[in-house]
Structures are given as structure tokens and as C-alpha cells.
Amino acid sequence: MLEKAIIGMASLRFLSGTIEILAAVLILKLNQVEKALLVNSGLALVGPIILLTTTTIGLVGISERISFHKLLWIFVGIACILIGIRK
């Protein structure tokens, strides 16, 4: 039987993939670079939100089995990713 955290994480990734595919279809349908860039910019918001949400679900799922020290390193890594995305 699958864990609830696994189902939640997979569902979010399916949602993310669906949004990406729909954006690609929309870009093809619009057929204009300016509008395609707007759609692409919208995707730049979706990616980090899905990453954070999926990671949070996973961390909650393993929080009882992982040490605080390792959990802290995971949060530092996520912070580095977010800082890298912003710059």
C-alpha cells in the first residue's frame, strides 16, 4: 500500500507535468514570441512552488525517521536552490 506522502508527492508532480504540457500547447497555439515569453514566465512561478510543496510533503513523511541535523541540512539546501533561482 502506498503512503499518503507518496501519493501527495506524485499527484503534485502529475499536476506540474500537466501544467507544463498545457503551457507548451498554448505557446504553440499563440505562435508569438512575446506571448510565449509571458506563458514561460508564468511557469517560472509554478516550478518552485511545486518543488517546495513536494519537498515539504516528503519531509513531513520522513520527519519521524530523520535526525534534526539532517533535516536542517535539507532546509539549507532548499534555501540555496531558492536563492539561486532568484538571482
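Along the sequence shown, the residues carry numbers beginning at 1.
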In Å, rounded to the nearest 0.5 Å, how long is the span from [atom1] of [X] to [atom2] of [Y]?
X	Y	atom1	atom2	result
Trp73	Phe68	CH2	CZ	12.5 Å
Ile74	Ile66	CD1	CD1	4.0 Å
Leu71	Ile62	CG	CD1	7.0 Å
Glu20	Leu22	CD	CG	10.0 Å
Thr56	Leu12	OG1	CG	10.0 Å
Lys35	Leu26	NZ	CG	10.0 Å

Cluster link Val39 to Ile50, ILVMFWY, side chain under 4.5 Å: no
same_hphob_cluster(Ile57, Val60) at 4.5 Å side-chain heavy-atom cutoff: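 As far as the 4.5 Å side-chain criterion goes, Val60 and Ile57 are not connected within one cluster.
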Shortest non-hydrogen contact from [X] toward [Y]:
X	Y	value
Ala5	Gly61	CB-CA, 4.2 Å
Leu51	Arg13	CA-NH2, 3.8 Å
Leu43	Ala23	CD1-CB, 3.5 Å
Ile49	Thr53	O-OG1, 2.7 Å

